[in-house]
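Worksheet: one structure, shown below.
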Amino acid sequence: MGMTFIEVPDAPKPGGHYSQAVVANGFVFVSGQLPFDADGAMPEGIEDQARLVLSHVAAILNGAGSGLDQVVSATVFVSDIAHWPVANKVWAEVFGAHRPARAIAVSPELHYGAKIEVTVTALAAT
C-alpha cells in the first residue's frame with residue numbers, strides 16, 4: 001500500500017522538509033499546524049489562533065478526502081496552560097458532538113511565537 005502526500009492552498013505551505021499531510025494505510029496524518037494567515041501573519045490572541053489552526057486542519061483533511069468528523073486522535077500544543085480554557089472552548093465549538101482522543105501539551109516555545117499548534121490523525125476516505 002502506498003502513500004499520498006497532501007498539499008492544499010488553504011493552509012500554510014510547509015516551512016521545512018515535510019508534507020502538510022500524508023495518507024497511508026487508511027489514515028490521514030496531518031503535520032503540526034501553526035496559526036499563519038494567507039499573508040504569513042499570525043493573529044495575536046489564542047482564540048483567533050485556535051480558530052485559524054483548526055481551519056487549516058479542516059482544509060488539509062478535506063483535501064485528503066476526509067474531514068474533522070473523521071479525526072480519531074489529536075495533539076494540541078499550547079505555549080501556556082492559561083491558554084487552554086479558550087483553546088478548549090474553540091475546539092468544542094469546531095468539533096461539536098465529535099470527540100476524538102486528544103492530548104494537551106504545554107510547550108512554552110512554539111515556533112515563531114505561536115500560542116498553539118495542532119496535529120491530528122483521521123480516517124481516510126474509503
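Given the structure is predicted, the values throughout are model-derived calculations rather than measurements. All heavy atoms count here, side chains included; hydrogens, waters and symmetry mates do not.
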Kindly compute the distance separating [atom1] ([X]) from [atom2] ([Y]), expressed to the nearest 0.5 Å.
X    : Y    : atom1 : atom2 : value
I116 : S107 : CD1   : OG    : 12.0 Å
L61  : I6   : CG    : CD1   : 9.5 Å
S19  : M3   : OG    : CE    : 9.5 Å

Output all residues satisfying ring-ring contact (aromatic ring centres under 6.0 Å, His included) with Y18, sequence neighbours left out; order by chain, then residue number. none
With sequence neighbours excluded, residues passing ring-ring contact (aromatic ring centres under 6.0 Å, His included) with Y112: F36
Pairs in or reaching into residues 82-92: which pass salt bridge (charged side-chain N to carboxylate O under 4.0 Å, His left out), with residues at least two apart or in two chains? E47-K89, K89-E93
Scan residues 15-29 for pairs that pass salt bridge (charged side-chain N to carboxylate O under 4.0 Å, His left out), counting only residues two or more places apart or in two chains. none
Could I get the full list of side chain to side chain contact (heavy atoms under 4.5 Å, CB included) partners for [X], not counting sequence neighbours?
X   : value
A82 : D80
D48 : P43
A58 : L68
V72 : F27, T121, L123

List in chain and number order the residues that pass side chain to side chain donor-acceptor pair (under 3.5 Å) with N88, two or more places apart in sequence or in another chain; answer none if no residue qualifies.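 With sequence neighbours excluded, N88 shows a side chain to side chain donor-acceptor pair (under 3.5 Å) to R102, given in chain and number order.
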Taking all atoms of both residues into account, what is the closest heavy-atom pair of [X] and [Y], and its distance?
X    : Y   : value
A21  : V30 : CB-CA, 4.0 Å
S66  : N62 : O-OD1, 3.2 Å
Q49  : P35 : OE1-CG, 3.3 Å
P100 : S73 : CB-N, 4.2 Å
V23  : A64 : CG2-CB, 3.9 Å
D69  : H98 : O-CE1, 3.2 Å

Please list all pairs meeting ring-ring contact (aromatic ring centres under 6.0 Å, His included) that have one or both residues in residues 38-64, counting only residues at least two apart or in different chains.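 Counting only pairs at least two positions apart or across chains, no ring-ring contact (aromatic ring centres under 6.0 Å, His included) contact touches residues 38-64.
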Residues pairing under ring-ring contact (aromatic ring centres under 6.0 Å, His included) where one sits in residues 59-97, two or more places apart or in two chains, turn out to be W91-F95
Sidechain-backbone polar pair: Q20 side chain, I60 backbone, donor-acceptor under 3.5 Å: no
When S55 is tested against each of L52, V53, V57 for side-chain contact (heavy atoms from CB on, under 4.5 Å), which residue passes?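 Answer after filtering L52, V53, V57: L52.
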Under the side chain to side chain donor-acceptor pair (under 3.5 Å) rule, what pairs show up with a residue in residues 31-45, not counting sequence neighbours? none
Kindly indicate whether the side chain of L34, heavy atoms from C-beta on, has any atom under 4.5 Å from the side chain of H111.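 Side-chain contact under 4.5 Å: yes.
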Answer with yes or no whether the hydrophobic clustering places [X] together with [Y]; edges join I, L, V, M, F, W, Y residues whose side-chain heavy atoms lie under 4.5 Å apart.
X    : Y    : value
L110 : V118 : no
V94  : I46  : yes
F29  : F5   : no

